[in-house]
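Contents: one structure, followed by commentary.
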Amino acid sequence: MTVRTRFAPSPTGYLHIGGARTALFSWAYARRHGGTFILRIEDTDIERSTPEAVQAIIDGMQWLDLAHDEGPFYQMQRMYRYKEVIEQMLAAGSAYHCYMSPEELDHIREAQRARGEKPRYDGRWRPESGKALPTPPSGVQPVVRFKNPQQGAVAWDDLVKGRIEFANDELDDFIIARADGTPTYNFCVVVDDWDMRITHVIRGDDHVNNTPRQINVLKALGAEVPEYAHVSMILGDDGQKLSKRHGAVSVMQYDEDGYLPEAVINYLARLGWSHGDEEVFSREQFVQWFDLAHITPSAAQFNTEKLNWLNAHYIKAADDGRLAGEIRKRLAAQDVTVGDHPDPAQVAALYKERVATLNELADAAHPFYVATHPAAELRAQHFTEPALAALRELRGRLAAAEWQRAALSQVLKDTLAATGLKMPQVAIPLRVALLGQPQSPAIDAVLEVLGREDVLGRLDAVL
RNA sequence: GUCCCUAUCGUCUAGAGGCCUAGGACAAUACCCUUUCACGGUAUGAACCGGGGUUCGAAUCCCCGUGGGGACGCCA
């Protein structure tokens with residue numbers, strides 16, 4: 001049997017971090033077993049589904065490079081199929097029409113709650129041998145309900161959580177088709193998973209409670225029941241539940257904030273799943289190692305600090321040319337045009353060891369392309385008379401220097417010898433003069449990358 | 001309220017009855033490196049929710065509490 005998994009988001013918003021992890025796990029499981037990964041858009045909620053959200057989800061998956069093998073399938077395009085199955089079930093007696101009005105339903109649910117019971121449909125229109133059904137009111141379009149077994153229990157061995165069992169009498173006869181004839185979620189999922197021959201349903205654990213109903217429908221249809229793996233949710237950095245209002249951001253926000261997709265993938269893989277003590281691993285390694293048995297059953301809190309650490313690691317490992325492209329793109333967003341000089345790849349090489357995000361990298365590169373006038377405070381602090389004298393001395397030597405790091409380093413040392421100052425006493429004012437800030441990578445390397453023309457020009461501006 | 005799930009350092013986790021005086025990573029602290037700031041290196045502190053069982057032996061199995069989460073829609 002070949003593995004078939006699916007990711008089935010509803011297009012009511014962007015792809016957030018929890019959905020991304022579920023997608024990653026489903027994708028990885030299929031890849032691990034040489035199976036098929038299917039993308040299915042659950043858009044039966046006409047009110048809230050939008051084409052923009054579909055696109056946002058596809059964009060997010062593309063950024064993370066989670067390619068699907070089949071689909072995207074849209075549930076709205078499969079209506080004929082759901083209706084066909086509903087007719088079959090009606091004919092077979094595993095589903096029935098119910099004429100109870102929404103108002104009446106609300107009413108009984110309220111009463112049940114008041115009595116401390118679990119609110120549920122009371123089975124009024126459920127056909128039973130020897131039971132007299134009420135007369136259908138005229139002019140009322142009925143809903144279709146699933147005739148759930150009332151005896152026994154439904155159980156499955158969840159691949160993450162272990163055995164889970166529900167008593168059938170906890171489950172009511174849920175609606176599979178609305179009064180307008182459109183099928184509902186719990187029903188569409190079942191038909192789709194069945195038709196698409198899904199072998200492993202990997203999804204958020206907010207679906208645990210839907211699973212017994214879905215299994216019962218599957219059984220009523222004579223379909224094979226897939227394996228289930230319910231992955232727990234991701235909490236925000238503060239331990240609070242993620243919601244649209246609170247911390248649940250689009251994965252694309254991570255792109256915007258300067259994270260590399262491979263860092264996000266590695267972080268997400270490690271959030272709720274483990275392979276011994278392994279922390280840093282490639283996507284390929286992850287696929288080789290991935291299993292459902294090592295997914296943690298409890299909720300995990302997102303930790304931006306650790307993501308930052310991983311991101312820093314992947315930036316260090318990234319190709320200079322790629323980082324140059326990121327610098328270009330990110331500075332362009334600030335209306336800064338990055339030309340060929342200084343070479344952005346060289347600037348990237350200078351800073352890739354020191355930054356945690358691509359935005360920090362772009363910020364670091366900024367003064368290489370836009371000459372900054374040192375702030376008054378910095379000038380007052382660093383441009384003391386002896387420092388200025390040393391910079392003048394240095395400027396003279398630089399004008400004639402061979403523009404190569406080792407040579408520039410020697411020029412610096414000669415300047416120290418000539419002025420009797422220590423390295424920091426010259427290097428720090430020089431940094432302020434060149435980049436407008438007292439910290440930078442090794443100053444000889446900065447000189448080399450910045451180039452003679454810019455260096456002399458910027459020195460002249462402050463001398 | 002009812003049902004379901006869950007519980008190891010601040011955080012992510014290792015741990016499948018003896019290998020655990022509980023390991024790794026992020027973060028924290030200290031020191032080292034250093035041409036500043038970082039990076040990097042080394043070291044240190046830091047946890048098995050509580051109570052009962054089972055067992056020669058429990059972080060690991062069972063029960064009860066407690067905390068956290070989810071579900072109870074003609075939403076998905």
Side-chain angles (χ1 to χ4, degrees), chain A residues 8-12 42-45 47-49 75 98 100-102 105-106 109 112-121 141-145 158 160-162 164-167 169-172 174-186 188-189 204-212 230 232-233 235 237 239 241 267 270-280 293-294 296-310 312 316 351-356 364 409 412-413 416 422-432 437-445:
Chain A
S10 65
T12 54
E42 311 216 321
D43 55 355
T44 53
D45 185 349
E47 306 281 293
R48 298 192 300 153
S49 297
Q75 289 188 323
C98 167
M100 186 180 285
S101 69
L105 247 181
D106 281 347
R109 279 203 267 254
Q112 285 161 334
R113 261 184 229 276
R115 271 180 272 134
E117 289 166 18
K118 188 174 190 166
R120 72 244 276 201
Y121 175 65
Q141 279 301 312
V143 299
V144 179
R145 286 185 183 271
D158 196 276
V160 171
K161 293 177 183 283
I164 301 179
E165 192 169 316
F166 282 82
D169 61 16
E170 283 294 329
L171 275 21
D172 62 1
F174 71 102
I175 291 173
I176 61 176
R178 304 178 179 94
D180 65 6
T182 58
T184 60
Y185 166 77
N186 267 313
C188 298
V189 167
D205 75 355
D206 47 335
H207 289 289
V208 165
N209 297 278
N210 293 325
T211 306
H230 287 98
S232 68
M233 61 187 301
L235 272 22
D237 242 330
K241 186 193 164 190
Y267 179 74
R270 209 40 207 76
L271 189 64
W273 175 83
S274 61
H275 184 78
D277 288 338
E278 301 292 343
E279 294 287 352
V280 181
H294 288 87
T296 317
S298 54
Q301 189 171 317
F302 195 88
N303 186 223
T304 305
E305 303 265 20
K306 191 163 180 180
L307 206 214
N308 286 344
W309 169 74
L310 271 170
K316 286 187 189 84
Y351 283 94
K352 65 196 284 193
E353 301 270 337
R354 337 166 51 90
V355 298
S409 178
L412 238 21
K413 283 173 187 154
L416 296 183
K422 298 289 186 197
M423 183 63 91
Q425 294 174 296
V426 176
I428 295 179
L430 181 56
R431 289 186 169 98
V432 172
Q437 53 199 26
Q439 301 96 33
S440 83
I443 192 64
D444 49 0

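So you know, we letter chains A, B, ... as the sequences are listed, proteins then strands, and number each from 1.
Checked by atom type and distance alone, the side chain of R120(A) pairs as donor or acceptor with a backbone atom of D169(A) at under 3.5 Å. Proximity of a side-chain donor or acceptor of R270(A) to a complementary backbone N or O of V280(A) within less than 3.5 Å is not detected. Side-chain N or O atoms of D158(A) include one that pairs as donor or acceptor with a backbone N or O of H230(A) at under 3.5 Å. The main-chain N or O of T44(A) is never found under 3.5 Å from a side-chain atom of Y185(A) such that the two would form a donor-acceptor pair. A donor-acceptor contact shorter than 3.5 Å links the side chain of Q301(A) to the backbone of D237(A).
Between E170(A) and Q301(A), it is E170(A) whose nearest contact on RNA chain B lies nearer the 5' terminus. Of the two residues contacting RNA chain B, namely L271(A) and A8(A), the nearest-nucleotide position lying further toward the 5' end is that of L271(A).
In terms of phosphate contacts, R270(A) brings no side-chain nitrogen or oxygen within less than 4.0 Å of OP1 or OP2 of U11(B). Put simply, H207(A) has no side-chain N or O that comes within less than 4.0 Å of OP1 or OP2 on C4(B). Contact between the side-chain N/O atoms of T44(A) and the OP1/OP2 oxygens of A76(B) is found at a separation under 4.0 Å. Taking 4.0 angstrom as the limit, K316(A) places a side-chain polar atom (N or O) nearer than this to OP1 or OP2 of G40(B). R431(A) has no side-chain polar atom (N or O) that falls below the 4.0 Å cut-off from OP1 or OP2 of A38(B). OP1 or OP2 of A76(B) has not a single side-chain nitrogen or oxygen of R48(A) nearer than 4.0 Å. Distances shown here put a side-chain N or O of T296(A) below 4.0 Å from the OP1 or OP2 atom of U13(B).
Using a 4.5 Å cut-off on side-chain heavy atoms (C-beta onward), Q141(A) and R178(A) make no contact.
As judged by a 4.0 angstrom heavy-atom cut-off over every strand, G204(A) is placed among residues making no nucleic acid contact. Within the nucleic acid shown, P9(A) has no heavy atom closer than 4.0 Å to any nucleic acid atom. Within the nucleic acid shown, A427(A) comes within 4.0 Å of at least one base atom, counting heavy atoms only.
If you take atom C1' in A14(B) and the same atom in A30(B), they sit 27 Å apart, rounded to whole Å. Between U54(B) and C63(B), the two C1' atoms lie 11 Å apart (nearest whole Å). Nucleotides A47(B) and A7(B), compared at atom C1', are 12 Å apart to the nearest Å. C74(B) and G17(B): their P atoms are spaced 45 Å apart (whole Å). Across the C1' atoms, A46(B) and U8(B) are found 12 Å apart, a figure rounded to whole Å. Here, A25(B) and U34(B) have their P atoms 25 Å apart, quoted to the whole Å. C75(B) and G70(B): their C1' atoms are spaced 16 Å apart (whole Å). Rounded to a whole angstrom, the distance from the C1' atom of C3(B) to that of C20(B) is 37 Å.
Nearest nucleotide to the R109(A) side chain, out of C4(B), U6(B), G73(B): G73(B). If you check C12(B), A71(B), U36(B) against the side chain of D206(A), the one that comes closest is A71(B). For K118(A), the side-chain atoms get nearest to C3(B) when compared with the rest of C3(B), C12(B), U6(B). For E305(A), the side-chain atoms get nearest to A27(B) when compared with the rest of A25(B), A27(B), C4(B). Side-chain proximity of S274(A) to A14(B), C39(B), C72(B): nearest is A14(B). Distance from the side chain of D45(A) is smallest to A76(B) among A76(B), C4(B), G1(B). Distances were taken from every side-chain heavy atom of P297(A) (C-beta onward) to each of A7(B), U11(B), C75(B); the shortest belongs to A7(B). Of the listed nucleotides (C39(B), G24(B), U35(B)), C39(B) has the atom at the smallest distance from the side chain of E353(A).
Here the closest non-hydrogen pair linking P441(A) and R431(A) is O-NH2, 3.4 Å.
In this structure, H230(A) atom NE2 and C5(B) atom C1' are separated by 11 Å, rounded to whole Å.
Base pairing of U36(B): no nucleotide in any strand meets the Watson-Crick or G-U wobble criterion (both distances under 3.5 Å). Partner assigned to U54(B) is none, using Watson-Crick or G-U wobble distances below 3.5 angstrom. C72(B) is paired with G1(B) under the Watson-Crick or G-U wobble criterion, all donor-acceptor distances under 3.5 Å. Across all strands shown, A30(B) pairs with U42(B); the Watson-Crick or G-U wobble distances both stay below 3.5 Å. When Watson-Crick and G-U wobble pairs are counted only if both distances are under 3.5 Å, A47(B) pairs with no nucleotide at all. U21(B): no Watson-Crick or G-U partner with both key distances under 3.5 Å is found in any strand.
Put simply, the side chain of E279(A) and the base of G24(B) share a donor and an acceptor less than 3.5 Å apart. Within 3.5 Å, a donor on the side chain of D277(A) pairs with an acceptor on the base of G23(B), or the reverse.
Side-chain atoms of T184(A) and N186(A) form no donor-acceptor pair, as typed in the model, at a separation below 3.5 Å.
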